[in-house]
Amino acid sequence: MVCGGFACSKNALCALNVVYMLVGLLLIGVAAWARGLGLVSSIHIIGGVIVVGVFLLLIAVAGLYMIILGLVFIFQFGISCSCLAINLSKQTDVINASWWVMSNKTRDELERNFDCCGLFNLTTLDQQDYAFCTAICKSRSPTCQMCGEKFLKHSDEALKILGGVGLFFSFTEILGMWLAMRFRNQKDPRANPSAFL
């Protein structure tokens with residue numbers, strides 16, 4: 001059979017299923033590994049990534065493509081574009097707002113794990129936070145790198161990677177929807193000639 005026929009569509013859908021199973025398992029594994037590191041115990045995003053991985057795995061196992069992948073495409077495309085579009089000043093605002101909502105214990109964990117003190121040294125609260133810092137860098141030298149600078153570097157890299165990967169896989173979801181519609185409307189050459197799937 002030529003590619004584009006029943007067998008080709010079936011094999012392409014099987015291959016796409018395998019890819020989505022691997023991506024789902026990869027998401028679950030990486031999120032569980034990050035959760036196991038325990039850098040910060042209060043991050044709920046890791047749980048969200050695990051849920052997305054399980055959801056993607058279920059889609060691949062069940063083969064429910066057209067409707068579910070259409071919805072996933074819309075959300076994933078929007079979130080990926082948002083990740084790529086957010087600039088450093090917005091990231092700074094988010095980090096600054098999050099820092100003061102965190103508990104003191106979480107801030108101490110972040111300072112120790114990232115070996116930094118304070119956030120951006122913009123206000124007197126930042127200076128007080130810097131004074132009570134228990135990071136190792138403070139015992140080595142009188143000045144430590146500010147946590148906000150480290151967070152901005154990591155968040156900018158992470159947003160670019162997440163946005164790019166999400167954007168790539170959102171377009172593979174369109175391919176999956178097209179293959180599923182095509183396969184659904186094709187006749188099986190081995191079946192009864194008047195029967196449709």
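Numbers for residues simply follow the sequence, beginning at 1.
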To the nearest 0.5 Å, what is the distance between [atom1] on [X] and [atom2] on [Y]?
{"X": "N113", "Y": "I136", "atom1": "CG", "atom2": "CD1", "value": "9.5 Å"}
{"X": "L16", "Y": "M21", "atom1": "CG", "atom2": "CE", "value": "10.5 Å"}
{"X": "M102", "Y": "L110", "atom1": "CE", "atom2": "CG", "value": "5.0 Å"}

Handout entry: Set of side chain to side chain donor-acceptor pair (under 3.5 Å) partners for D93, sequence neighbours left out
Key =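 If we apply the side chain to side chain donor-acceptor pair (under 3.5 Å) test to D93, skipping adjacent residues, there are no hits.
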Exercise for the section: Return the set of residues passing side chain to side chain donor-acceptor pair (under 3.5 Å) with T172 (not counting sequence neighbours), or none when no residue passes. Expected result: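 T172 satisfies side chain to side chain donor-acceptor pair (under 3.5 Å) with Y20 once adjacent residues are dropped.
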Problem - Donor-acceptor pair, side chain of K150 and main chain of F114, under 3.5 angstrom - result: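 Looks like yes, one N/O pair under 3.5 Å.
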Practice task
Under 4.5 Å between side-chain heavy atoms, chaining through other members, with only Ile, Leu, Val, Met, Phe, Trp and Tyr counted: pull out the rest of the cluster around I86, sorted by chain and number.
Solution key: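 Its cluster mates, by chain and number, are L159.
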When the side chains of residues 73-82 are checked against the rest of the protein, which donor-acceptor pairs come out under 3.5 Å, sequence neighbours left out?
{"from": "Q76", "atom 1": "NE2", "to": "G166", "atom 2": "O", "distance (Å)": "3.0"}
{"from": "S80", "atom 1": "OG", "to": "Q76", "atom 2": "O", "distance (Å)": "2.8"}
{"from": "S80", "atom 1": "OG", "to": "L167", "atom 2": "N", "distance (Å)": "3.2"}
{"from": "S82", "atom 1": "OG", "to": "G78", "atom 2": "O", "distance (Å)": "2.9"}

Test of understanding: with side chain to side chain contact (heavy atoms under 4.5 Å, CB included), list the residues that count as partners of [X], not counting sequence neighbours.
{"X": "D156", "result": "L88, Q91, K160"}
{"X": "E149", "result": "Q145, M146"}
{"X": "I95", "result": "L119, F120, F151, L152, S155"}
{"X": "V19", "result": "V23, F169"}

Problem - Within one Ile-Leu-Val-Met-Phe-Trp-Tyr cluster: I161 and L56, side-chain cutoff 4.5 Å - result: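 They do share one cluster, since a chain of ILVMFWY contacts under 4.5 Å joins I161 to L56.
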Handout entry: Test: C147-C117 SG spacing under 2.5 Å
Key =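 Judged by the SG atoms alone, which are 2.5 Å or more apart, C117 and C147 are not bridged.
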Handout entry: C83: partners by disulfide (SG to SG under 2.5 Å), with sequence neighbours left out
Key =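 Partners of C83 by the disulfide (SG to SG under 2.5 Å) criterion come out as none, since no residue qualifies.
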